[in-house]
Amino acid sequence: MAQPKYEGYCECIPTKLVREKFGDVNVYAQNAKSLLTKATGFIGNYDFTLNPYRGCQYGCSYCYAAAFTPNAQMRQDWGKWVIFKENSAEILAKELKKWYKKILILLLVYT
Ligand code: SF4
């Protein structure tokens, strides 16, 4: 039977196992609070980055992304899990609506 959450993952956000051993990867689903992140640094010419999932199926030994996972278990298992944001479509619609409103206000103020 599927485990209800990724062991070692944040206890406060329920994570459900969707598919065990999809290739070498376990696939999990989780609801997220956001999808868009304001772009900064060397990608600052873009407005946002879009992050509909976390994790990776490859687990390259030189990968720096594993260092940004929330705990040691997830770093150790890098390449063996993917967690997609199950509510991506509704979150994206809300975030785009919010940004359209901000843009509209700026256009009204500056034109
Ligand atoms: S393990 Fe890292 S470098 Fe390799 S494909 Fe995945 S994200 Fe890219």
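Ligands are counted one by one from 1 in listed order, and the atoms in each one are counted from 1 as well.
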Interatomic distance, [X] atom [atom1] to [Y] atom [atom2] [nearest 0.5 angstrom]:
X	Y	atom1	atom2	answer
S88	E95	OG	CD	9.5 Å
D47	T37	CG	OG1	12.5 Å
Q57	W78	CD	CH2	11.5 Å

Check your understanding: Numbering the atoms of ligand 1 from 1, which are under 4.0 Å from a heavy atom of G59?
Key ->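 Result: 1 (S).
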Review point. Just which atoms of ligand 1 are under 4.0 Å from any heavy atom in Y58?
Key: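 Numbered from 1, ligand 1 contributes 5 (S).
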Practice item. Would you tell me which option among G55, C63, S61 has the nearest heavy-atom contact to atom 3 (S) of ligand 1? Key: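 Among G55, C63, S61, the closest heavy atom to atom 3 (S) of ligand 1 comes from C63.
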Exercise for review: Determine, counting only non-hydrogen atoms of the protein, whether one lies under 4.0 angstrom from atom 8 (Fe) of ligand 1.
Suggested key: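 Neighbour list for atom 8 (Fe) of ligand 1 is empty of protein heavy atoms (cut-off 4.0 Å).
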Review point. Any idea which protein heavy atom is nearest atom 1 (S) of ligand 1, and the distance to it?
Key: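 I find the closest protein heavy atom is C60 N, 3.1 Å.
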Review point. Does any N, O or S atom of C56, backbone or side chain, fall under 2.8 Å from atom 4 (Fe) of ligand 1?
Key: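 Of the N, O and S atoms in C56, none lies under 2.8 Å from atom 4 (Fe) of ligand 1, which means no.
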Practice item. Could you walk me through whether L35 and L50 pass the side chain to side chain contact (heavy atoms under 4.5 Å, CB included) test, one step at a time? Key: CA-CA 6 Å; L35 208 64; L50 175 70; 3.6 Å; yes
Exercise for review: Go through the steps for F84 and V18 under the test side chain to side chain contact (heavy atoms under 4.5 Å, CB included), then give the verdict.
Suggested key: CA-CA 10 Å; F84 69 89; V18 175; 4.0 Å; yes
**Study point:** Location of contacts on A65 toward ligand 1, heavy atoms closer than 4.0 Å
**Key:**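 Within the 4.0 Å criterion, A65 makes no contact with ligand 1.
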Point to revise | Structural part of Y64 in contact with ligand 1, heavy atom criterion under 4.0 angstrom | key: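 It is neither part, as no heavy atom is under 4.0 Å.
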Check your understanding: Can you check side chain to side chain contact (heavy atoms under 4.5 Å, CB included) on D77 and T69, steps first, answer last?
Key -> CA-CA 10 Å; D77 293 347; T69 57; over 6 Å; no
